[in-house]
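One structure is given here, and the rest of the page talks about it.
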Amino acid sequence: MKVNKQLIEKYHRDECTPEEAAAVEAWLLDDESDDVPDLPANEQADQHKQAIWVGIEQTLPPENIKNNTPVISLWLKAGAACIVLALCVFLIGRSSHKKNNRMAASIEVDNSTALEVRHVNNDEYQLSVGPGTSARIDNREGVIHFTGSMIIKPQRDIEFSFGTYPQKETFKSGETYILLDEQHGDGQVTIVNERNLMDMPPVLQKRIITEFNI
Amino acid sequence: MFLSRKVCLIITISILTLLQACSQQSNKADGSAPHKYSLYIRLKNNAEYIVQCDSLTGGTIDPEKQGTPLDIHQVSRDIIVKDNFYYHMGFKNDQFIKYKVSGKVFQKVDSVAMPHFSIENFRWMGKDTLQIIGLQAPSFTQVVYSLINTDSMKVISTGKLDIPHPGNGFNNMSVGFAEPLDSNLVIGYTYHKPVGTTSYTTSDTMYTSLVSITSGLLNTDKDTRSTYPAGVNNVQSYTFYDEHGDFYFMTCPGIALGNRPDVPTGVFRIKKGELAPDKKYFFNLSASVINNHAYGLWYLSKGKAIVRSERKDLYHDLNDHYSAAHFEFYVLDLAEQTATKINLPLDKGTRRECVIVEGDKAYISINSDKQGDFIWIYDIKTGETKKGLQLTGHTDYILRMDRL
């Protein structure tokens, strides 16, 4: 349906049929459309433009007419700028927070003379350090040095190596892992998913269950 | 036209038959008709299911679709299964709980308080009478017993057993079996001591004591041919009686139990009516063609038993002992002291209750990396093996298999 001046006027008088109204609304919403309504032969577009601007000047304070951008766009831009700014602040803060946590998280726990488990929580994991255990966790390098037993519950998938043993071990988010210090003479620690506790030797099972109150 | 009508008829009948079969299965799942077997399954995502079925000889079961999900924070595979009920000691070692499968729910039926009781082994003394031997938690130095009526879930009697506490650097112990002899118990056990911060070792001596509940310790035999008698039998079987009433048990000094790999794994015998292992009988499995340590022993018949043995060359240490497929099965001739390998794929899982013997067939559950998760059928007479029931879907381990 061709949208012209008459149809638009009819739309404003609320006299359009549903089909006509739909066509006008589609035309109004279509920014890409170059379907400009035709003017009567005896009228010039420039004259109409000028008349419109004169009308606008009469209704707005002079300082608000420095350019032809609609006022609502200014508000939108300001709002968008605020959102972008807030997002930047949030992301920078979050990044800085994370960085600080990682940088500061070279954790040392000396629980070697204690009888109770000590708990260390941060954004990346929950760590339970067993009695008689001392541990140093270098989060930046992803290396754990410890003697004794620990339980780690990662908040996201993380990797650690242990002592001088080069192999990186992956700890998956949502799982719980039991760590026992070097028992093999080659620097490799024992890492067992809690669900496989029953496959561990009963002597170790009892000790872990009792120590960590599993 | 006639043919296509025929085909339609066949398809219709097949669908009706299938629907009927499904309907029967569904009724059984509601508990109206007990099943014959129970399988305890762990999936690759660590979820666990109980699957009940009537045949192990063929077909497929997807545990997620046909099984009953378990709350892994409430129950684990160290369960005792009998007459369609499941018995499990709560994780805090204080409540002995009775469960049953009710459709898609693993339902708690009853429980009995058993404070500070850590189970070492169990033995059915009658249809509804269960003897449990344990250690008093959290010290694990005092041997305790409990006799339970599993019908009423009441403790018939409970108390301490007069077994010497660990000493001289030993701080922990294991009790492998407690078999009745007249009104007393013949109890097999050993001691453990810590090594370093988290490791441990086991005494080179295995003890067998005759203990009276009322009169205390009556007799003790010491044996250094092997150590760590009979493991923990609510996870895996290690003992049996033969047709003559002689009692056989295996020792478990390997890294999965005793952590004394320098000591051989062997099978011992206590003759009917005797108080201690037969000094003339010792089947040294580590010195046989098995040439490794082993965990798990199941009696076939007529002096033959199945043993599940590890392959040291195929695993590294405790880190991969349960996840690497390295277990083999052998048939032992107990009199001749020979071992014959059964033709089966390599199995994984450090300790599993994985053999059911019925007539001249043994059903063996295997978790194979290459051939999948199957119940294999071993023909005792011919020695031949073939695949039976398959566990499909995301099955990772068939952790135990029990007759209901």
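Every chain is numbered from 1 and lettered A, B, ... according to where its sequence line falls, protein lines coming before strand lines.
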Region of B:L135 that comes under 4.5 Å of a non-hydrogen atom in chain A = side chain
Below 4.5 Å from any heavy atom of chain A, which atoms of B:R352 appear? Answer side chain, backbone, both or neither.
-> neither
Are any side-chain N or O atoms of B:K44 and backbone N or O atoms of B:T395, one a donor and one an acceptor, separated by less than 3.5 Å?
-> yes
So which heavy atom on B:I41 is nearest to which on B:V51, and how close?
-> CG1-CG2, 4.1 Å
Within 45° of the axis and under 6.0 Å from the centre of the six-membered ring of B:Y191, does NZ or CZ of B:K193 qualify?
-> no
Check against side chain to side chain contact (heavy atoms under 4.5 Å, CB included), B:Y315 and B:D320 | CA-CA 6 Å; B:Y315 72 88; B:D320 64 345; 3.8 Å; yes
Side chain / backbone / both / neither for A:S149 at chain B, heavy atoms under 4.5 Å | both
So which of B:H73, B:H192, B:M173 has the biggest tally of heavy-atom pairs under 4.5 Å with chain A?
-> B:H192
Measure B:Q236 against the heavy atoms of chain A and call it side chain, backbone, both or neither at under 4.5 Å.
-> neither
Between A:K10 and A:E15, is the closest basic N to carboxylate O distance under 4.0 Å?
-> no
Heavy-atom contact with chain A under 4.5 Å, split by part of B:N172 = side chain
Exam field: side chain B:T190 to backbone B:T205, donor-acceptor pair closer than 3.5 Å | yes
Identify which part of A:E194 has an atom lying under 4.5 Å from any heavy atom of chain B, answering side chain, backbone, both or neither.
-> neither
Contact origin within B:Y295 toward chain A - heavy atom pairs under 4.5 Å = neither
Are the side chain of B:H293 and the backbone N or O of B:P261 linked by a donor-acceptor pair below 3.5 Å?
-> yes
Non-hydrogen atoms of chain B under 4.5 Å away: do they reach the side chain of A:I214, the backbone, both or neither?
-> backbone
